[in-house]
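Structure first, commentary second.
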Amino acid sequence: MVKLGGLGDVVGALPSALQPLGIDARVLLPAYSPAMAAGARLLAWLPDNGGRILECSGASHPVYLLDHPDFRGRGGRPYADAEGRPWRSDAAAFAALGRAAAVLAEGALVDWQPDVLHCHDWHAGLAPAWLRVAGLSTASVFTIHNLAFTGCFERDVLARVGLPSWLDDPEALEFYGDIAFIKGGLVFADRLTTVSPKHAQEILTAEGGFGLDGVLRARRARLTGILNGIDTQVWDPRSDPHLPCPFGPDDLAGKSAARAALVERFGLEAGRDRHRPLLSWVARLTHQKGTDLLLDTLPGLLEDGHSMVLLGNGDVAAESALRELAARWPARLAVCFGFDEALAHLIYAGADLLLMPSRYEPCGLSQLYAMRYGTLPVGPPVGGLADTIFDADDAAMAAGGGTGFLMRDTSAMALKEAVERARAYFLQPPLWQRLMRDVMLRDWGWAGSAEAYAEQYRLALQDRRDA
Ligand code: ADP
Ligand code: GLC
């Protein structure tokens, strides 16, 4: 419905994964464009011009939309305008989202009352704060997907959105002289989670805490890392409608067909070379994802005869540098800018290696999709990459296999070395086939993580009873 990255995948898949556990999870999303609201049913008007709640049909669980004037003008761009600037209406819009969640929790608005609010990232950070301000007993869990984005606004924002001034305090929402919406979640939610066990450790440190490590250390007993799952129905090479033909661990012919389709579609003549892995990238072009490291490494890889398909969008300077490189190497490098779900599926299926030189990666889903399609990820041992990429070094291969190639650190040199190491394996087809099969058989589904969230909901309810 609206997806810019992994948060969309998580919020899309987790509710259905909770259903078998007897949890009636419902989703509240902003209606980021009139198109999203079209066809949805009006349920209720919120007080104080807070917008209206609509209900969409079609999902396996109820999805509520907050239709509010401050979201409506965004034309389907949730976070930034066409120039890449954050929307001026952000504070009012996301304050309204948090408030709407708290009003829903009160139970008087629609014919349903949640026991627990599960809030994601700064955009929903004010919901736990509103619960506290309103004296409601609803429990809350706050999940950190990306701590780099804090939702900071000038101090007068509290009065503007109708929150009390006592929240302007370091023990509450104040953050280096601003008001940070994310602190509403970090300080007031009963339980905190982030999306991998390794990242739960990283954010407690000065290097990985984005200035919020102190706040998190104070609440470390409430913080857990729960690895994201993947929707194994949407991401299934045996039934994926975006592939030329299906394939699975026991029949990899369809994977070669997907590779051929990519080579054909982008005129990547050099991609026909079976002596080099076809490289890929499906990610936002940002500092987090190590776009600059890719730009430092890619010219050398292309000189060496490698080919690559890149799908991404974000940094404008990176896009133009990549465009120039693609113009120099048309038979080796294909670049696509924009958001293209169908092409993402084809790339995961048709490539041999997925490059993910992230500086930090709370979880990362791309590497898990790649694995499910027999494409080996390359990334540094940070966050969810450390928890899911088990290096296919010689020892691991002797002991049963790995799931990808770990970079020594997050540097251009380490990226190049890892690709070269992967190539040495790629040149041994029986070994590579075994790697592909093994990695496709790994279970990255939601079941275990849904149980872990259910446990957090239970604990949050317990905390509320004890409070
Ligand atoms: P993040 O949430 O930090 O962007 P993740 O790896 O968790 O990183 O999730 C990224 C998701 O967005 C994946 O589903 C990936 O396939 C998708 N994605 C990223 N860029 C694009 C793009 N340009 N077109 C289509 N899908 C994309
Ligand atoms: C964030 C993180 C990514 C994570 C995703 C979903 O966007 O950058 O690592 O997988 O959220 O949790």
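All residue numbers refer to positions in the sequence shown, counting from 1. In listed order, ligands and their atoms are each counted from 1.
Using a 4.0 Å cut-off between charged nitrogen and carboxylate oxygen, Arg259 and Asp352 count as a salt-bridge pair.
With a 4.0 Å cut-off on non-hydrogen atoms, Asp9 does not touch ligand 2 at all. Counting heavy atoms under 4.0 Å from ligand 1, residue Lys289 touches it through the side chain alone. Contacts of Leu7 with ligand 2, taken as heavy-atom pairs under 4.0 Å, involve the backbone alone. Looking at Asp340 against ligand 1, only its backbone comes within 4.0 Å, counting heavy atoms.
Between the side chains of Thr388 and Gln367, a donor-acceptor pair is found at a separation under 3.5 Å.
Residue-ligand proximity, Gln288 to ligand 2, at heavy-atom distances under 4.0 Å covers atoms 8 (O). Shown in contact with Ser366 at under 4.0 Å from a heavy atom are these atoms of ligand 1, numbered in order with element: 6 (O), 10 (C), 13 (C), 15 (C). The ligand atoms of ligand 1 that sit less than 4.0 angstrom from a heavy atom of Leu311 are 22 (C), 23 (N), 24 (N), 25 (C).
Among all non-hydrogen protein atoms, the one lying nearest atom 19 (C) of ligand 1 is Ala283 CA, 3.9 Å. Ranking protein heavy atoms by distance to atom 17 (C) of ligand 1, first place goes to Lys3 CE, 4.0 Å.
Scored by the salt bridge (Lys or Arg N to Asp or Glu O under 4.0 Å) test, Asp67 finds Arg52, Arg72 as partners (sequence neighbours excluded).
The residue among Tyr348, Phe337, Phe339, Trp281 with a heavy atom at the shortest distance from atom 16 (O) of ligand 1 is Tyr348.
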